[in-house]
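I have placed the structure first, in the form of C-alpha cells, so that the comments after it can refer back to it.
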2 protein chains.
Amino acid sequence: MDLPLKVSEPIAPQLVAALRQAIVGLSFQPGEALSEKDIAARFGVSRQPVREAFIKLSEAGLVEIRPSRGTYVMKISVREVANARLVREAIESDIARHAARLARPPHIAMLNRLIKEQRDAANAGDYWRFNEGDEAFHRAIGEIVDCDYAWRVVESARIQTDRTRLLSLPEASPMPLLLSQHEAIVRQLEAGDPDGAERTMRRHLREILVALPQIAATHPNLFSDTILPAHTEGLVPRD
Amino acid sequence: MDLPLKVSEPIAPQLVAALRQAIVGLSFQPGEALSEKDIAARFGVSRQPVREAFIKLSEAGLVEIRPSRGTYVMKISVREVANARLVREAIESDIARHAARLARPPHIAMLNRLIKEQRDAANAGDYWRFNEGDEAFHRAIGEIVDCDYAWRVVESARIQTDRTRLLSLPEASPMPLLLSQHEAIVRQLEAGDPDGAERTMRRHLREILVALPQIAATHPNLFSDTILPAHTEGLVPRD
DNA sequence: GGCACCATACCGGTATGGTAATATTTTGGA
DNA sequence: TCCAAAATATTACCATACCGGTATGGTGCC
C-alpha cells in the first residue's frame, strides 16, 4: 500500500486514490491522526501533493483538517451515511425514472450481463465481488441517462455509504434480496415503466438503512454518532 | 475586486469566493486564461493558495486546468447546466417531499417572511435582490429537513445553473410566475401535502430549461455547446 | 501534591525556487 | 518568400524553507 506511485504521472490524484482506499478499507482507523510529513515520507514524495490530497479527502468527508493541530480520519457518522443515502435515493431513483424512458436493447443486455456476474459472485459467496458488481450495475444505469454530473455526485455519496460495507454482515443485507431487486429494476426498465423503476430503486437504496443502526452498535469506536436523522423516519423497508 | 483579502485568515478560501464571484459575474470572460502567477500578483499573495483555489474551482466546473499549459475559465455548457438542473430537481423535489412531513409552524413563518421579501423585490423590479431571495427560500426549505449534505450538493449544482442568471432576460423567467410557485410550495408544505410539494418543486425547477436555449443562442461566444441532453426531452413546462 | 508557567516539538499554511512539458517566437536554409 | 527546426517564454507541478499557532512534558512555585 505504501509505494504504488507511478512516476511521471500527477502524484496528488494517486495519493487521493490510495489514501481513500486505505480509509474506507479501514487500513487507517477512524480517529487516527495523519500528518502531512509522515504520509509524505512513507510515499517518498514532498508534503505539497500530500496536502492537496488531504484537502480533497476533507471535501469528501473522509478526513478533518484542523489547522495547526493535525489531520484526522473522520469517524463514520450514522447521520452522514443517512444523509448521503438520501441524496443517492433522490438522484438514482430519478435516474432510474429517466432510464425507463431512454433505455435501448443494448443497455438492457449490458445490465443483464452485470446481473449474471453478480449472481455468480453470490453463488460463490464472494461478498467483495458482489459489491463490485453492485457498483458497476448502478453506474451502468447512470450511463443510460448520460448525465455524468449526476454520477459524480452519486460517487461522492457512495464514499459515505460504502464506509459501512466492510462492516455489514451478509445477513443484514442478503445478496439474494439485493439481486432480486436489481432484476426487478431491469425488468421495469425494459418494460418502460418509470413509476415502477423509481419505486424499486428507492426501496433498493433504503436497504442501506436496515443494517445501519446495528452496525453502528456493533462497532461503537468507529462511529462518531448513532442517531438517525429525522428524515429517515418511516423509510426502513423491513422490520 | 482585487484586494479584499483579510490577513491572518486562510487565504485560499477567500480566493475561491472572490474568483468564483468574478467568474459567475462575468468579470472574467469564459475562455479567458488565468495564470497562477498573474492572480497571485494581483492579490498580493503567493502562488500556492492560488493554486489550491484553482483546484477547487476546477472541481466546481468553473475552470479547466490543463497541465503545463494553463488554467482557463470554462465556457458555459448547456449540457452541464441541464445536468446540474436535473440533480437539483432530483434532490430538491425529494427535500420538498420530506419537508411536507417535517415542517413546523416556525418553518412556515420563515418561508412566508422570505416570500414577502421576494415580493417586495419583485414590486421594486429589483431582479438581483429577487435572485438572492430565491436562494434564501430554497435554502430555508433544505434546513427544514436538516440534511446539510444534500444542501452542499445543491449549492454545487447552483453554481452551474446560476451562471446563466445574469444573462437571462426577465421576460424569460418572469418574477410573478416564480413567486406564485414559491407561494404554492409553502401552501403545500403547510398542508402536509408531499405529492403536491414535490410536483410543484419539479415544475418550478424546470423553468430553468425554458430560457436556456434562447440564452445560449443570444450569447454564442460564452457557450461551449448548445445542445440539450436527451434527458431533458419533454420536460419544458411551457411552450 | 497540585498548579501555573515555559521550553520544545509538531502541525498546517504560505512563500519561493527548481523542473519538465507545452506554446510561441525566432531563425536558418532552400 | 516560405517552411521547418531550434531557441525562448510560460505554464502547472513538485520540492524545500520558513512562519505563526497549538499541544505537550517538564520544572519550579505555592
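In what follows, every heavy atom counts, from backbone to side chain, and hydrogens, waters and symmetry copies are set aside. Protein chains get the first letters and strands the later ones, always in sequence-line order, with residue 1 at the start of each.
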Exercise for review: For Phe223(A), enumerate each residue passing the ring pair (Phe, Tyr, Trp, His ring centres under 6.0 Å) test, keeping only those at least two apart in sequence or located in another chain.
Suggested key: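 For Phe223(A) there are no ring pair (Phe, Tyr, Trp, His ring centres under 6.0 Å) partners, ignoring immediate neighbours.
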Point to revise | Note: Asp134(A)-Arg165(A) ion pair, threshold 4.0 Å (strictly below) | key: yes
Check your understanding: Side chains of Tyr127(A) and Ser168(A): is there a donor and an acceptor less than 3.5 Å apart?
Key ->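 Yes, because at least one side-chain N or O of Tyr127(A) sits under 3.5 Å from a partner of the opposite role on Ser168(A).
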Review point. Which salt bridge (Lys or Arg N to Asp or Glu O under 4.0 Å) pairs, counting each pair once, include a residue from residues 140-154 of chain A, with sequence neighbours left out?
Key: Asp146(A)-Arg79(B), Asp148(A)-Arg79(B)
Point to revise | All pairs passing salt bridge (Lys or Arg N to Asp or Glu O under 4.0 Å) where residues 83-92 of chain A contributes a residue, at least two apart | key: Arg85(A)-Glu89(A), Arg88(A)-Glu92(A), Glu89(A)-Arg202(A), Glu89(A)-Arg206(A)
**Study point:** Nucleic acid footprint by protein, nucleotides 14-19 of chain D - heavy-atom cut-off 4.0 Å, B for base, S for sugar-phosphate alone
**Key:** BBB-B-
Take atom [atom1] of [X] and atom [atom2] of [N], then tell me their distance rounded to the nearest Å.
{"X": "Lys37(B)", "N": "dA15(C)", "atom1": "NZ", "atom2": "C1'", "value": "15 Å"}
{"X": "Asp38(B)", "N": "dA9(D)", "atom1": "CG", "atom2": "C1'", "value": "13 Å"}
{"X": "Ile39(B)", "N": "dT11(D)", "atom1": "CD1", "atom2": "P", "value": "11 Å"}

Check your understanding: Any side-chain N or O of Arg69(B) less than 4.0 Å from the OP1 or OP2 oxygen of dA23(C)?
Key -> yes
Review point. OP1 or OP2 of dT11(D) less than 4.0 angstrom from a side-chain nitrogen or oxygen of Thr71(B), does that happen here?
Key: no
Check your understanding: Are any of the side-chain heavy atoms of Tyr149(B) and Leu86(A) separated by less than 4.5 Å?
Key -> no
Check your understanding: Got a sec, which pairs hit side-chain hydrogen bond (donor to acceptor under 3.5 Å, both in side chains) with one end in residues 217-226 of chain B, sequence neighbours left out?
Key ->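 Sorted pair list: Ser77(B)-Asp225(B).
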Check your understanding: Mind checking whether His182(B) and His204(B) have parallel, tilted or perpendicular rings, split at 30° and 60°?
Key -> perpendicular
Review point. Tell me, which of residues 53-67 of chain A have any heavy atom that sits under 4.0 Å from an atom in DNA chain D?
Key: none
